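Here's the structure we're looking at; comments come further down.
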Amino acid sequence: MAFRPAFRRAFVPLSGVAMAGLVFVPGAVLAEEVPRKKSIYDPPQSAIAPATTSDALTTTTESSGRPTPTERLEQYVRFGRVHINLAHRKLTEQLNTTLNQYLHLENTLTSTISGLLPPPTSSEQPLPGLIYTTIVTLTSTILVRRRAIPIRVLTPMVTAVAAGWYIIPETMGNVAELVWGWEKKVPQVAETHLLVRSKILGGLEDARREIVNGKVAVEEGVRKSRETVEGWVKKG
């Protein structure tokens, strides 16, 4: 009986050591026998701090001296915007210039046509007068259709001018003033016009003078003839 308590006291420490060996030794053996799998990721580098995007771009720009893609994109956008604005401004200016020229031309034509018409107080009717002048001109063309070429060319022109001055004198006067205004812009044409006009007026004046002189001579001859006849009758 005394042996059993002593055996128990001796067995308890031994059992504790055996259990401790079973707990710790197999773990170490398994850790040495089973290899660990290699990770596909790089081990974390705790000593290197992560760099931000702005820091990386700044570092790249400062190190290489070249603009970043973002800066190049900004330059391209700025370049395109400037050229688009310039093209829009030029197109707008060109359209405004063209419109102003059209309006100026329209106003010039309107004022020119209205300036050719006689005043409202006048009894002259331009449209019927133009129709009559055209009829007279066509008639003169028909009359000289078998004549020489210079006569066929000059006769309708002279007839049209003469008929215009006779039928619509105020309108023809306005037309003459308009043509004279155009001719004054070219001095040589204006001088030629004045020379031709002076010769024509001089010829008309000479013709009128000759007509008057001829009329006076005819009247004087008729008077002398009548006196002579009367003298013969008296002597009868």
Side-chain angles (χ1 to χ4, degrees), residues 90-229:
K90 290 181 180 179
L91 180 61
T92 303
E93 292 177 356
Q94 187 175 3
L95 290 176
N96 291 333
T97 303
T98 305
L99 181 60
N100 292 332
Q101 291 178 354
Y102 171 75
L103 293 176
H104 177 69
L105 179 62
E106 183 180 2
N107 293 331
T108 302
L109 291 176
T110 304
S111 60
T112 301
I113 294 174
S114 61
L116 295 178
L117 299 177
T121 57
S122 176
S123 60
E124 182 177 309
Q125 297 180 357
L127 184 58
L130 289 174
I131 294 174
Y132 297 151
T133 303
T134 304
I135 292 173
V136 172
T137 305
L138 294 176
T139 302
S140 66
T141 303
I142 294 172
L143 293 176
V144 297
R145 67 181 183 276
R146 295 184 179 180
R147 303 295 179 180
I149 293 178
I151 296 176
R152 284 186 292 177
V153 172
L154 295 176
T155 300
M157 297 174 60
V158 174
T159 304
V161 173
W165 280 105
Y166 180 78
I167 299 173
I168 45 176
E170 295 183 1
T171 304
M172 289 297 295
N174 295 332
V175 172
E177 291 180 358
L178 177 62
V179 173
W180 174 243
W182 290 345
E183 290 179 351
K184 287 192 295 184
K185 296 180 181 179
V186 183
Q188 296 179 354
V189 177
E191 292 176 358
T192 305
H193 182 200
L194 292 175
L195 180 61
V196 172
R197 182 180 180 182
S198 62
K199 289 183 178 181
I200 292 174
L201 292 178
L204 292 176
E205 185 65 23
D206 294 338
R208 188 181 66 82
R209 190 181 302 111
E210 292 295 330
I211 291 174
V212 172
N213 294 333
K215 184 178 180 180
V216 172
V218 170
E219 290 179 354
E220 185 67 20
V222 171
R223 186 180 61 79
K224 289 182 179 181
S225 300
R226 186 177 58 186
E227 290 178 354
T228 302
V229 172

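Here the structure is a predicted model, which means the values were calculated and not measured.
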message: Applying the side-chain contact (heavy atoms from CB on, under 4.5 Å) criterion to Thr134, which one of Thr137, Leu138, Ile131 satisfies it?
response: Leu138

field: Matching residue for Leu130 among Ile135, Ile168, Thr171 - test: side-chain contact (heavy atoms from CB on, under 4.5 Å)
entry: Ile168

For [X] against [Y], the heavy-atom pair lying closest together:
X: Ser114; Y: Ser111; value: OG-O, 2.9 Å
X: Arg145; Y: Arg152; value: O-CD, 3.2 Å
X: Gly129; Y: Ile167; value: CA-CG2, 3.7 Å
X: Glu170; Y: Glu124; value: N-OE1, 3.1 Å

message: Just to verify, what does Trp165 make a ring-ring contact (aromatic ring centres under 6.0 Å, His included) with, not counting sequence neighbours?
response: none

query: Less than 4.5 Å apart, any side-chain heavy atom of Glu219 and any of Arg223?
result: no

task: Find out whether Val175 and Leu116 are in side-chain contact, i.e. whether some heavy atom of one side chain is under 4.5 Å from a heavy atom of the other.
output: yes

field: Enclosure of Gln188 CD (heavy-atom neighbours >12, cutoff 6.0 Å)
entry: no

- prompt: When you look at Glu106 and Leu103, which way does the side chain to side chain contact (heavy atoms under 4.5 Å, CB included) test go after all the steps?
  reply: CA-CA 5 Å; Glu106 183 180 2; Leu103 293 176; 4.1 Å; yes

query: What residues, two or more places apart in sequence or in another chain, satisfy side-chain contact (heavy atoms from CB on, under 4.5 Å) together with Ile200?
result: Val196, Leu204

field: Residues Lys90 and Glu93 bridged, charged N to O under 4.0 Å
entry: no

